Number of protein chains: 2
Amino acid sequence: MARITGSNGERTAEAIRQAAIRLIHRQGFAAMNLRELAAEVGIQPGSLYNHIQTKQGLLFELMQEHMQDLLSAMEAALAAAPAEPMAQLRAFLAQHVLYHLERKQEVYIANFELRALEKANAEPILAMRRAYENRLIGLLEEGARAGKLQVADTRIAAYALLAMLTGVCTWYRPGGRLSPEEIVAQHLELALNGVSAAAFECDTTVLPATLGQA
Amino acid sequence: MARITGSNGERTAEAIRQAAIRLIHRQGFAAMNLRELAAEVGIQPGSLYNHIQTKQGLLFELMQEHMQDLLSAMEAALAAAPAEPMAQLRAFLAQHVLYHLERKQEVYIANFELRALEKANAEPILAMRRAYENRLIGLLEEGARAGKLQVADTRIAAYALLAMLTGVCTWYRPGGRLSPEEIVAQHLELALNGVSAAAFECDTTVLPATLGQA
DNA sequence: CCGGAAAACAAACGTATGTTCGTTTAGCCG
DNA sequence: CGGCTAAACGAACATACGTTTGTTTTCCGG
């Protein structure tokens, strides 16, 4: 959530946030240095400290804001959809893909820079992520109870679906071959087919035992 | 340092590689420093340079070895499976999950430290990755032509499947609740259902338009 | 047992890094 | 216009980093 104040100092704070997102996404948090960030914003390195507490604190705030936005976007999507389990699941998945297309840089950071957070900072972020995951797990359980879905393990299925849908932010480029709507539709199809009751029987007995390496 | 070596100093080179994999996986390449790596191996920082060329060169070699192993494991799995398209696809997917369970640290590095590679080093790695992806795309196209699969866009489907299956290396811990076989089986089911000809019809018209942020 | 090569050592070099500090500039309110 | 506050400046500090160097130790074949 971004507050729109007319204040001038708040404007540089936002510029810092956006430049940081760009740089962290491009190079990673550890590889981004504050001199580069300051240059991108157009101020001196020391001036950053009028707006951030520390480099680590900046990352934490970016992640926190992002996770809050993701959670509230998800809740809004669920509230806007019919209460029926499959419609709720569909809404969750569609909003997930769309959000990841629109804010791929922040998503990328939130997913791959968790290890850069100090333990005390990682805890609340992880809690929010778990809350998000649990919402999906709950929907999958509802659908399974209603006989609309067939999943052997809802947690594994949730992780797998999230990984698949989150993957779009690693290759998506705005203005590419496919429109966001097409991408969302196709991922919805893959995801819903994957957990649908029309199950594909898989025998686990014939696995390739060919992982030998020197 | 009394080294209980059986043969030669090639053993320290291997120790460096393994320690590097562990540290890069835990902290990221940029956040890992050579003093820490040397301490982990039990030598002085400068001694590393008897075995590596530069820090960047170490990362490149790790990635190159990993990609070569992944590619040859994949080719071996395909060669061991029946030539029929669906069996080939199944073998590819199963071997992918299994490999990612067994060597999750290297996989994690190869996937998420590409941006730490200098451009000249990234190129051959990216080429190998594309070769791997293209193998899957080819199998999906074969299956679609044979009428066994229904995928709107094979490239998107391949990316989505790979993202889903690769996701296991972010949460899997050896000795956890589920055996590797169970994990492979369930992911196979999700993946094959997802692209199966028994398609779930998805209308793209009702998408949540709830991504507004002020 | 010896001599040469491979590898480890201790120490340093040059630079880059996050952060601090005292000072100066710019914007707003009365 | 005058004064207060927030923010930018420029310079520095202390440390951490990748890497190099000269020297010493370890290992193995002849």
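On a predicted model such as this, the values are computed, not experimentally measured, just so you know. Letters go in sequence order (proteins before strands), and every chain restarts at 1.
- Aromatic rings of B:Phe112 and B:Phe29 (six-membered ring for Trp) have centroids beyond the 6.0 Å cut-off, not under it.
- Taking 4.0 angstrom as the limit, B:Thr54 places none of its side-chain polar atoms (N or O) nearer than this to OP1 or OP2 of D:dG18.
- Within residues 29-43 of chain A, the residues approached by DNA chain C to less than 4.0 Å at the level of any non-hydrogen atom are A:Met32, A:Asn33, A:Leu34, A:Arg35, in residue-number order.
- Rounded to an integer number of Å, the gap from B:Leu48 CG to C:dA10 C1' is 14 Å.
- Put simply, OH on A:Tyr49 is 12 Å from P on C:dC21, counting in whole angstrom units.
- Residue B:Leu59 contributes atom CG, which lies 13 Å from atom P of D:dG18 at whole-angstrom precision.
- Minimum heavy-atom separation, B:Leu59 to B:Glu113: CD2-O, 4.1 Å.
- Separating the CD atom of B:Gln56 from the C1' atom of D:dC17 is a distance of 16 Å, rounded to the nearest angstrom.
- The phosphate of D:dA8 (OP1 or OP2) has a side-chain N or O of A:His51 nearer than 4.0 angstrom.
- Atom CG of B:Leu62 is separated from atom CE of B:Met67 by 13.5 Å, given to the nearest 0.5 angstrom.
- Distance CD (B:Gln44) to P (D:dG22): 18 Å, rounded to an integer number of Å.
- Checked against the 6.0 Å centroid threshold, A:Tyr172 and A:His100 do not count as a close aromatic pair.
- In plain terms, the two heavy atoms of B:Val97 and B:Val184 that are nearest each other are CG1-CG2, 3.7 Å.
- Under 3.5 Å, the side chain of B:Asn50 and the base of C:dA6 form no donor-acceptor pair of N or O atoms.
- Between B:His66 and B:Tyr108, the ring center distance fails the sub-6.0 Å criterion.
- Atom CD1 in B:Ile52 sits about 18 Å away from atom P in C:dA6, given to the nearest Å.
- Nucleotide D:dT19 holds its P atom 10 Å from the CD atom of B:Gln53, rounded to whole Å.
- The phosphate of C:dC9 has OP1 or OP2 within less than 4.0 Å of a side-chain N or O from B:Ser47.
- If you take NZ of A:Lys55 and C1' of C:dT17, they are 8 Å apart, rounded to a whole angstrom.
- Of the residues listed (B:His96, B:Arg103, B:Glu102), the one engaging B:Tyr99 in a side chain to side chain donor-acceptor pair (under 3.5 Å) is B:Arg103, and it is the only one.
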